[in-house]
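Residue numbers begin at 1 in each chain, while the letters A, B, ... track the order of the sequences.
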Amino acid sequence: MNILKRLITPAVNELLEELNIDKNILDDLIEKPRDLTVCDLCIPCFALAKILKKNPVEIAKDISSSLKNKLIPEIFVITKNGYVNFNLDTKFIAKKLLDENYEFFQNSIKNDVLIEHTSANPNGPFHVGRARNAILGDALVRLNREFGNKVIAEYYVDDMGKQVGILAWALENLTEKDVDEILENEGIESLNPTWINKEDHIRVRWYQAANIIRKDDKKIELELSELIKKSEEGDESVLSKFNDSFKPILNGMLETLSKLGIKYDSFTTESKFIINGRVNSIMEELKKSKLYGKAENGANYLELAGKGVSGKSTKFFFQRGDGSSLYATRDLAYHEWKWTRASKLINILGEDHRLQSKQVSIALEELKIKKPEVLFYSFIKLPEGKMSTRRGNVVFMDDLIAEAENMAMKIINQRGHNIEDKRSLEISKAVASSAIRFNILKVSPEKGFTFKWEDAMSFDADSAPFIMYSHARSCSINKKVNELKFEEINIDYSKVEINKSAANLLRTLMRFEDSLEKSITENKPNHFCTFMLELATKYNSFYRDCIIIENQNVNVFHYKVSEYSRKLIYRGCNALGIIPLVSM
RNA sequence: GGGCGCAUAGUGUAGUGGAUAUCACGCUGGCCUUCUAAGCCGGCAACCGGGGUUCGAAUCCCCGUGUGCCCGCCA
């Protein structure tokens, strides 16, 4: 509870001074209790016991009695088991939120943030594994915006090098018949008729086919390396050919992401840094590093053995023997450029990039360029094993979305509400997209998980529809009250009675601030997911216990609490990419 | 061979030094003539093993086990 902490901190600091205790010894004395039903904040006195050589139970008593006259009367202080517990008066919270327009994050420092996410090679449709990146990244974008940061959501487009090269070669050299034959021989399924007009699904087959035949055809390999080399030298005609090859795929991928509400503010292509010359000058700068080394064929690297890198190879190559650059080198130039656009950088990367990212960070240090923050996530596996676009062992996002929409529609029909077709379609789309996002977001990013259809399709408690449902309920109340031509009156908080459910809800509403801030500080959207589930649960209990409309009369206080909740759930949904429906 | 993640009820998860370990599915007992039951209120059930640091460890350190990822002049 940030607001309470701000109210307590000066008094606690004053007290520490009186006791002659260095504030810095105790990293942070005021803590959030593990169990929020005990109190809002607490001070465990065990660490102090050692310094003061006194029983923690007594210290707690001393602290509480000397704090009491330093704090406003709305803060209740009690002691228990060697803890000093603080509780903020519920009426105080109610007044702050409902009448005084208390603004969240007003005392927090804001940033300009550039979040680079997804950046998947444009060689095929999104599968569930790749989508974890986009969903996490987009959630961080939204959470940062809700916090008040200015955010650029950026996609780094791989428009050169091997992967696009293979694609471009295939589109130029293989016919549809060739592709179908090659893939059939490998046992890769034919194109799903649903996506017969979607270019990412079509063109990926050329990419897959080329990957199969190039393995035992030296001529193809030769043509490919010629093509790739030219792209890496910035050859305009080759780059433009590459662009024509992947652009329709990228558009298909973006279409898929837009179904999940994911959008970008800018796209940066990798070739930019070859063309503008920064890659070359960076390679020259790296040669001045103390870590610099040269291989027999003239390739250049940094030796990272002394920098905490170990394994079969500790070398970080930044230039090939033929003088061309590598992906990671271009990444260095890219980071340099990103820093000109924001004061904080966040990259969303798969766990396979952990080493690479470390190497890039060390190289950036050598170049005296700041390091980005990185959110790593683990892969989503299939029960059959790893997902791979190349091998066709994937669950496509397009299929998952379609299935989820069907499932949602089925549930809507089962419930038998009279919702007209157009509206149920809208609801099913919103439910599907929100549920898919939430099911990925709620799990801690570093935890790998196995994709199971039944889990991905879960619309029960612990899912986005659960939160959406609470929002819809609050909207329904709002609608009913408005129909009553209700007039707002001022509330005398000294007289209002707040029951347990309403009090719990109000405390939870206040913690929106803490939870969201923690989530963006640690780059972990799952924290805020947990909070939103709790908020919805608390709203549901409130909804049951606190009647708002009774015999055409509106309980003004309860209505205000409901309205505040409605708006806050809406904001929270937006911050996670859940679509807050008015009815469902 | 080396490095880096991860390990919590039957299952999936939250929790990065503090009070009785979270939530959900599951199993189970209640609640719809009353503001949307996609809901609410109860019950059952867990910190991988072994050492260590600490007043205090699921959390930090070491050893082991299991599991994922990486160690390319690919991206």
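Atom OG in Ser428(A) sits 11.0 Å away from atom CE in Met584(A) (nearest 0.5 Å). Atom CG of Leu332(A) is separated from atom CG of Leu286(A) by 6.0 Å, given to the nearest 0.5 angstrom.
Across all strands shown, Lys162(A) has heavy atoms under 4.0 Å from base atoms, whether or not it also approaches the sugar-phosphate. Residue contacts for Ala295(A): at a heavy-atom cut-off of 4.0 Å it reaches a base atom on one of the strands shown. Across all strands, Leu326(A) comes closer than 4.0 Å only to sugar-phosphate atoms, never to a base (heavy-atom distances). When heavy atoms are screened at a 4.0 angstrom cut-off, Gly161(A) is found touching no nucleic acid atom at all. Within 4.0 Å of Leu355(A), counting heavy atoms only, lie sugar-phosphate atoms of the nucleic acid but no base atom. Note on Glu232(A): only backbone sugar-phosphate atoms sit closer than 4.0 angstrom, heavy atoms only; bases stay farther off. Looking at heavy-atom distances under 4.0 Å, Cys475(A) makes no contact with the nucleic acid at all. At a threshold of 4.0 angstrom between heavy atoms, the contacts of Asp35(A) with the nucleic acid are absent. Within 4.0 Å of Val582(A), counting heavy atoms only, lies at least one base atom of the nucleic acid. Residue contacts for Ala472(A): at a heavy-atom cut-off of 4.0 Å it reaches a base atom on one of the strands shown.
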Nucleotide N/O of nucleotides 4-13 of chain B paired with protein N/O under 3.5 Å:
| unit_1 | atom_1 | unit_2 | atom_2 | d |
| --- | --- | --- | --- | --- |
| rA7(B) | OP1 | Lys447(A) | NZ | 2.9 |

Nucleotides 54-56 of chain B: which of its N/O atoms have a protein N/O under 3.5 Å away?
| unit_1 | atom_1 | unit_2 | atom_2 | d |
| --- | --- | --- | --- | --- |
| rC55(B) | OP1 | Lys50(A) | NZ | 2.9 |

Which pairs, protein N/O on one side and nucleotides 41-46 of chain B N/O on the other, fall under 3.5 Å?
| unit_1 | atom_1 | unit_2 | atom_2 | d |
| --- | --- | --- | --- | --- |
| rC41(B) | OP1 | Ser541(A) | OG | 2.9 |
| rC41(B) | O4' | Arg544(A) | NH1 | 3.4 |

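Picking from rG2(B), rA38(B), rA19(B) the nucleotide with the shortest atom distance to the side chain of Ser310(A) gives rG2(B). Closest contact between the side chain of Phe466(A) and the listed nucleotides rG39(B), rA75(B), rA19(B) involves rG39(B).
Residue pairs meeting the side-chain hydrogen bond (donor to acceptor under 3.5 Å, both in side chains) criterion with at least one member in residues 314-326 of chain A, sequence neighbours excluded, are Glu232(A)-Arg320(A), Lys287(A)-Gln319(A), Asn300(A)-Gln319(A), Glu303(A)-Thr314(A), Glu303(A)-Lys315(A), Arg320(A)-Ser324(A), Asp322(A)-Ser324(A), Ser325(A)-Arg330(A).
Taking the six-membered ring where the residue is Trp, the centroids of Phe316(A) and Tyr301(A) are separated by 6.0 Å or more.
Under 3.5 Å, the side chains of Glu116(A) and Ser119(A) contain a donor-acceptor pair of N or O atoms. Arg214(A) and Asn211(A) share a donor-acceptor pair across their side chains, judged by distance under 3.5 Å alone. Looking at Tyr207(A) and Gln163(A), their side chains do bring a donor and an acceptor atom within 3.5 Å of each other. A side-chain donor-acceptor contact under 3.5 Å links Glu223(A) and Trp169(A). Looking at Asp35(A) and Thr37(A), their side chains do bring a donor and an acceptor atom within 3.5 Å of each other.
The side-chain contact (heavy atoms from CB on, under 4.5 Å) search around Glu226(A) returns Lys230(A), not counting sequence neighbours.
A syn orientation is assigned to rC32(B), its glycosidic angle lying within 90° of 0.
By the 30° and 60° cut-offs, the orientation of the rings of Tyr292(A) relative to Phe318(A) is tilted.
When both pairing distances are held under 3.5 Å, rU36(B) makes no Watson-Crick or G-U pair with any nucleotide shown. rU59(B): no Watson-Crick or G-U partner with both key distances under 3.5 Å is found in any strand. The pairing partner recorded for rA45(B) is none, the criterion being a Watson-Crick or G-U wobble arrangement whose two distances lie under 3.5 angstrom. Under the Watson-Crick or G-U wobble criterion, with both distances below 3.5 Å, rA21(B) is left unpaired in every strand shown. rA14(B) is unpaired under the Watson-Crick or G-U wobble criterion, no partner having all donor-acceptor distances under 3.5 Å. In this structure, rG5(B) and rU67(B) make a Watson-Crick or G-U wobble pair, each of the two defining distances being under 3.5 angstrom. Under the Watson-Crick or G-U wobble criterion, with both distances below 3.5 Å, rC74(B) is left unpaired in every strand shown.
A salt bridge links Glu534(A) to Arg511(A): at least one charged side-chain nitrogen sits closer than 4.0 Å to a carboxylate oxygen. A salt bridge links Arg423(A) to Glu426(A): one of the charged nitrogens lies within less than 4.0 Å of a carboxylate oxygen. Residues Lys54(A) and Asp62(A) are paired through a salt bridge, judged by an N-O separation under 4.0 Å between the basic side chain and the carboxylate.
Across the protein-nucleic acid pair, Met584(A) atom CE and rA37(B) atom C1' stand 13 Å apart, rounded to whole Å. Following rounding to the nearest Å, Trp169(A) (CH2) and rC74(B) (C1') show an atom-to-atom distance of 19 Å.
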Quick one, give me the B/S/- string for nucleotides 59-65 of chain B, reading 5' to 3', where B means a protein heavy atom under 4.0 Å from the base and S means that only happens at the primed atoms, P, OP1 or OP2. -------
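The phosphate of rU36(B) has OP1 or OP2 within less than 4.0 Å of a side-chain N or O from Ser476(A). Checking the phosphate oxygens (OP1, OP2) of rU16(B), a side-chain nitrogen or oxygen of Lys518(A) falls inside 4.0 Å. Regarding contacts with the backbone of rA38(B), every side-chain N or O of Arg473(A) stays at 4.0 angstrom or more from both OP1 and OP2. Under 4.0 angstrom from either OP1 or OP2 of rA37(B) there lies no side-chain N or O belonging to Arg415(A). Here Tyr469(A) reaches the OP1 or OP2 of rA38(B): one of its side-chain N or O atoms lies under 4.0 Å away.
Using atom C1' as the reference point in both rC47(B) and rC60(B), the two lie 16 Å apart (nearest Å). Separating the P atom of rC35(B) from that of rC23(B) is a span of 28 Å, rounded to the nearest Å.
Ranked by how close their nearest RNA chain B nucleotide is to the 5' end, Cys39(A) and Gly308(A) are led by Gly308(A). Checking Glu550(A) against His527(A), the closest nucleotide of RNA chain B that is more toward the 5' end is the one next to His527(A).
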Take Lys560(A) and Glu563(A) through the test salt bridge (charged side-chain N to carboxylate O under 4.0 Å, His left out) and record every step on the way to the result. CA-CA 5 Å; Lys560(A) 280 197 161 190; Glu563(A) 280 296 278; over 6 Å; no
After noting the C-alpha distance and the side-chain angles of Tyr539(A) and Phe542(A), does the key distance pass the ring pair (Phe, Tyr, Trp, His ring centres under 6.0 Å) rule? CA-CA 5 Å; Tyr539(A) 182 81; Phe542(A) 162 82; 5.7 Å; yes
Step-by-step salt bridge (charged side-chain N to carboxylate O under 4.0 Å, His left out) determination, Asp40(A) to Lys5(A): CA-CA 9 Å; Asp40(A) 294 324; Lys5(A) 192 163 181 181; over 6 Å; no
